[in-house]
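Worksheet for the structure shown next.
Computed from heavy atoms alone, side chains included, the values below leave out hydrogens, waters and symmetry copies. Order of appearance sets the numbers: ligands from 1, and atoms from 1 within every ligand.
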Amino acid sequence: MARGDGEAAGHHGGAGSGGAVLVLNAGSSSVKYRLIAAGTGRNGPQHLVRGQIERIGEPDGEAGDHAEAVGQVVEQLRDRPVTAVAHRVVHGGDRFREPVQIDDATLIAIEELARWAPLHNPAAAAGIRAARTALPQLPQLALFDTAFHATLPPAAFTYAIDRELAQQHGIRRYGFHGISIQYVVGETARLLQRPATQLNMIVLHLGNGASATAVADGASVDTSMGLTPLEGLVMGTRTGDIDPAVAFYLARAAGLNLDEVERQCQKHGGLAGLCGDNDLRAVQSRAVQGDPQAQLALDVYCHRIRKYIGAYHAVLGRLDAVVFTAGVGENSPVVRAGSLTGLQPLGITVDHALNDTRGSTARLISPIGSPVAVCVVPTDEERAIAQQTAAKLGLAGNW
Ligand code: AMP
């Protein structure tokens with residue numbers, strides 16, 4: 001059963017003049033969906049329906065497979081006017097640099113790109129197939145997490161491995177979280193009342209997955225995730241950066257096969273590997289109670305972020321803003337303060353009273369007049385997808 005909420009929010013339930021976009025975000029075992037209608041006049045977009053179908057394919061799951069899940073969503077929205085369907089796709093390789101309208105060739109390409117996103121791209125492809133079957137009359141678009149990073153220069157996206165091998169297999173840094181980061185760059189520009197194209201910033205997307213991105217004049221110029229979303233920052237269950245020789249050593253010395261080594265890096269690393277908890281809330285509360293493993297996990301997590309801030313400050317030269325977003329970035333004053341400790345020489349300081357104040361809107365947490373603005377900017381992937389879809393299709397209204 002789809003678990004969705006119609007949102008009253010004091011608005012009427014129909015689509016505005018620009019229509020309504022159904023956003024489908026298919027993960028490995030879930031489908032998140034949201035129906036967003038254009039706002040009119042001074043009103044912003046209306047989030048008409050949102051929900052999530054979970055544990056897809058599991059014995060007690062809400063759907064047997066992704067096709068069935070999408071079928072449930074379509075059934076739930078049967079009486080709603082929908083103008084277009086937009087699908088989030090994790091890996092677009094170097095082929096997809098902007099939102100595309102989906103045809104058979106696009107779908108095949110998305111499935112081929114599953115070699116680098118084996119959990120995510122097949123789920124997205126299954127969702128696309130099901131939505132095209134159920135809603136054949138509607139335009140269907142794909143939006144890619146990698147696309148915002150299409151501006152990375154060769155020096156940043158090239159790995160120092162054998163050139164021919166890299167070319168043959170498409171091995172390079174692609175970067176992820178792009179839909180979120182692009183949205184956050186726009187919202188930060190709005191907060192600072194300056195054009196995004198004139199801002200240099202470091203965006204720290206800290207959720208279950210975590211990444212740091214250097215943005216110069218509004219464009220991505222370096223990012224911590226690589227060929228896959230495993231590289232870079234410490235995450236809930238992913239190691240982030242690690243000496244590749246650790247994998248060779250584990251294979252030889254501990255007798256792990258390749259799949260077991262990968263599982264260690266993807267599922268048993270990160271905060272979970274360090275202290276047994278992958279949710280930062282649990283790690284924080286254990287650390288406060290004096291648990292040394294949890295404290296070390298927190299220290300490693302923040303140290304890695306601080307290191308990337310220093311590196312990307314050097315990449316950018318001039319830095320206007322450091323921006324925190326996603327579950328941890330938006331909600332953890334401890335991580336924000338811990339990651340920025342000792343960065344005063346770079347012009348980066350935090351006002352602790354502002355940092356400790358909870359909020360749900362974009363806000364500054366650096367002292368007034370600081371050389372670098374430190375910002376907390378809530379992300380909204382589904383809204384970002386609707387905005388980009390509306391722009392691509394030329395839909396009227398406020399998105
Ligand atoms: P996301 O992937 O953006 O949904 O982020 C999920 C992660 O955000 C969770 O695993 C938590 O670790 C973290 N998180 C959510 N709320 C809080 C909070 N109030 N304090 C610290 N961490 C939080």
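Among residues at least two apart or in separate chains, there is no salt bridge (Lys or Arg N to Asp or Glu O under 4.0 Å) pair with a member in residues 247-270. Note on residues 212-234: pairs passing side chain to side chain donor-acceptor pair (under 3.5 Å), not counting sequence neighbours, are His149-Ser220, Tyr159-Glu231, Arg173-Glu231, Thr213-Thr223.
Aromatic pair His91/Tyr174: ring centres closer than 6.0 Å. When ring centroids are compared, Phe324 and His205 stay outside the 6.0 Å threshold.
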Identify all side-chain donor-acceptor contacts of residues 340-350 below 3.5 Å with residues at least two apart in sequence or on another chain.
residue : atom : partner : partner atom : Å
Thr341  : OG1  : Ala337  : O            : 2.9
Thr341  : OG1  : Gly338  : O            : 3.3

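Of the candidates Gln52, His47, Glu381, Arg34 forms a side-chain hydrogen bond (donor to acceptor under 3.5 Å, both in side chains) with just one, namely His47.
Within 4.0 Å of ligand 1, protein heavy atoms come from Gly207, Asn208, Asp279, Leu280, Arg281, Ala326, Gly327, Val328, Asn331, Ser332.
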